[in-house]
Amino acid sequence: MTQPLIQMQNVDKFFGSFQALKNINLEVHKGERIVVCGPSGSGKSTMIRCINRLEKHNSGKILIGGRELTDSEKDIDAVRREVGMVFQSFNLFPHMTVLRNLMLAPQLVRKNNKSKAKEIAMKYLERVKIPDQANKYPSQLSGGQQQRVAIARALCMSPEILLFDEPTSALDPEMINEVLEVMEDLANEGMTMICVTHEMGFARSVADRVIFMDLGEIVEEASPQEFFENPKNERTKLFLSQILSH
Amino acid sequence: MEAITGWWDDYFFASIVVLKIFMASLLLMVIFGLIGAAAKLSNSIIAKKIANAYTIIFRGTPEILVVLLIYFGSAIALTSLFQLFDPSIKYVDVPPFWAGTFAIALIVGSYATETFRGAFLGVEPGSIEAARALGLSNLQTFVYIRIPEMWRIALPSFGNHMLSLVKDTALISIIGLNELLFVAEQATATTGKPFTMFIVVGLIYLGISTVITLFVMGLEAYGRSHLRAAK
Ligand SMILES: Nc1ncnc2c1ncn2[C@@H]1O[C@H](COP(=O)(O)OP(=O)(O)O)[C@@H](O)[C@H]1O
Ligand SMILES: [Mg+2]
């Protein structure tokens with residue numbers, strides 16, 4: 001049995017006296033595709049943000065590729081190089097063109113030269129089907145295009161793992177599919193990914209496991225089929241009845 | 001207007017003095033502003049209190065008074081300092097150029113403190129997070145993301161601070177610096193044509209301000225290029 005790529009062991013996270021994560025245990029193996037869902041405020045973002053140390057857990061252990069996340073800046077940087085993240089609000093750098101957004105980290109972090117970084121950037125822009133937007137600024141693109149740029153930006157670092165935090169929640173309905181298609185392609189190519197999303201169609205078609213969180217806890221963890229057809233927990237059932245009813 | 005012939009060279013050299021004060025005080029103003037903003041944003045309560053006192057004092061007192069107090073105050077301070085080494089020294093003269101430059105830089109720096117602080121806080125937290133998530137170091141994030149976003153936010157106010165500096169150079173005539181107002185007063189005394197003499201000063205200041213305004217407008221247009229309307 002190979003070592004899991006992500007291990008979270010008894011992880012707690014507090015904001016002041018408020019406990020946002022309660023005893024989280026999670027293992028993700030290479031190539032697995034995990035969908036995380038749950039009501040707003042249940043700790044989904046906090047959980048995945050602990051994985052690349054945008055939030056610092058208070059107790060328990062998190063290991064990424066066997067490397068434990070501690071205060072060591074060196075370890076944090078090493079983990080961040082291997083873990084890409086896509087945010088709900090895209091978070092592109094507004095003062096840079098699309099191309100520069102994509103080239104920045106390969107140049108600064110991976111120490112590629114300019115022409116190599118550009119080559120990488122164009123490769124992934126083609127992958128998300130918008131090479132023609134390379135020289136525009138983020139504000140000139142639609143939401144769906146911006147999110148595809150953000151995915152391409154993460155891919156330029158060739159990460160081992162991609163984290164998605166509600167990547168389609170800020171999008172107009174007609175733009176959701178273009179982003180989900182890119183994500184499905186990635187899933188089919190074997191990318192290890194954790195997606196916080198309420199796109200249940202996506203969960204059904206690509207997830208290996210669905211995780212349901214509520215009040216800072218992982219309440220249920222099951223295959224998509226099991227999760228949707230036969231949820232065990234009352235809170236899961238309530239949640240599913242609410243989101244599937246509209 | 002012929003009253004003015006013979007004074008052109010005085011006006012010219014006085015303009016050079018004004019420009020020199022502007023350049024020196026601009027540099028100092030940025031330094032004071034950055035230190036003030038860093039102190040206000042720091043976790044140190046003492047640093048915050050000092051920075052607050054600084055902005056309250058310098059924004060809350062008449063500028064001309066600050067110029068006078070710094071000029072005479074620094075003379076007293078330097079005199080007592082020098083007397084420690086050589087008791088025979090009666091009085092140390094502080095150059096009006098530097099006392100004045102320092103004073104107006106401190107005044108405008110107190111406004112710049114708020115501008116820089118606001119610009120720091122105005123940077124989208126999402127951009128900073130994205131940079132950190134991509135593995136950029138703190139320093140790289142600061143240089144490549146925070147500064148470029150900050151200067152765009154700060155620029156309009158910063159342009160106003162530059163104009164304040166230019167105008168405040170006129171205050172320094174009160175401590176006897178040979179700048180434009182000083183020349184105009186001398187010329188008035190000789191020719192008895194105050195309006196002519198002072199309108200020339202006005203036009204010179206207006207010329208300098210216009211150049212600065214155009215420069216800032218150019219920078220703003222460049223900085224806004226990423227906000228061009230969608231398609
Ligand atoms: N930086 C923060 N400071 C204080 N409380 C926070 C912070 N971030 C999140 N929280 C709280 O933690 C809880 C979980 O938040 P989050 O992980 O964003 O939930 P979700 O992504 O599931 O909607 C919420 O109650 C939220 O208010
Ligand atoms: Mg969230």
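Below, chains carry the letters A, B, ... as their sequence lines are ordered, and counting in each starts from 1. The structure displayed is predicted, hence computed values, not measured ones.
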Pairs of heavy atoms under 4.5 Å with chain B: top-ranked of A:Arg110, A:His95, A:Arg49, A:Met85: A:His95
From B:Glu129 atom CD to A:Ser89 atom OG, the distance as rounded to the nearest 0.5 Å: 8.5 Å
Please name the pair of heavy atoms, one in [X] and one in [Y], separated by the smallest distance, quoted to 0.1 Å.
{"X": "B:Ala133", "Y": "A:Phe87", "value": "CB-CZ, 4.1 Å"}
{"X": "B:Leu134", "Y": "A:Met157", "value": "O-CE, 3.5 Å"}
{"X": "B:Ala130", "Y": "A:Phe93", "value": "CB-CE2, 4.1 Å"}

Side chain to side chain contact (heavy atoms under 4.5 Å, CB included) between B:Ile145 and A:Met96, intermediate numbers included: CA-CA 9 Å; B:Ile145 310 300; A:Met96 293 182 187; 3.9 Å; yes
Looking at [X], I want to see if its [atom1] is surrounded by more than 12 non-hydrogen atoms of other residues, nucleotides or ligands under 6.0 Å.
{"X": "B:Arg146", "atom1": "CZ", "result": "yes"}
{"X": "A:Lys129", "atom1": "NZ", "result": "yes"}
{"X": "B:Tyr222", "atom1": "OH", "result": "no"}
{"X": "B:Phe215", "atom1": "CZ", "result": "no"}
{"X": "B:Ile46", "atom1": "CD1", "result": "no"}

Using distance only, find each side-chain donor-acceptor pair of residues 14-31 of chain B under 3.5 Å and give its atom names and separation, not counting sequence neighbours.
residue : atom : partner : partner atom : Å
B:Ser15 : OG   : B:Tyr11 : O            : 2.8
B:Ser25 : OG   : B:Ile21 : O            : 2.8
B:Ser25 : OG   : B:Phe22 : O            : 3.2

Residue pair A:Asn91 / B:Glu124, side-chain heavy-atom distance below 4.5 Å: no
Region of B:Gln140 that comes under 4.5 Å of a non-hydrogen atom in chain A: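 Contact with chain A: side chain only.
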Which answer fits [X], side chain, backbone, both or neither, if we ask what part of it has an atom under 4.5 Å from a heavy atom of chain B?
{"X": "A:Val86", "result": "neither"}
{"X": "A:Leu108", "result": "both"}
{"X": "A:Leu92", "result": "backbone"}
{"X": "A:Glu82", "result": "neither"}

Steps toward side chain to side chain contact (heavy atoms under 4.5 Å, CB included) verdict (A:Asp77, B:Leu136): CA-CA 8 Å; A:Asp77 288 344; B:Leu136 270 70; over 6 Å; no
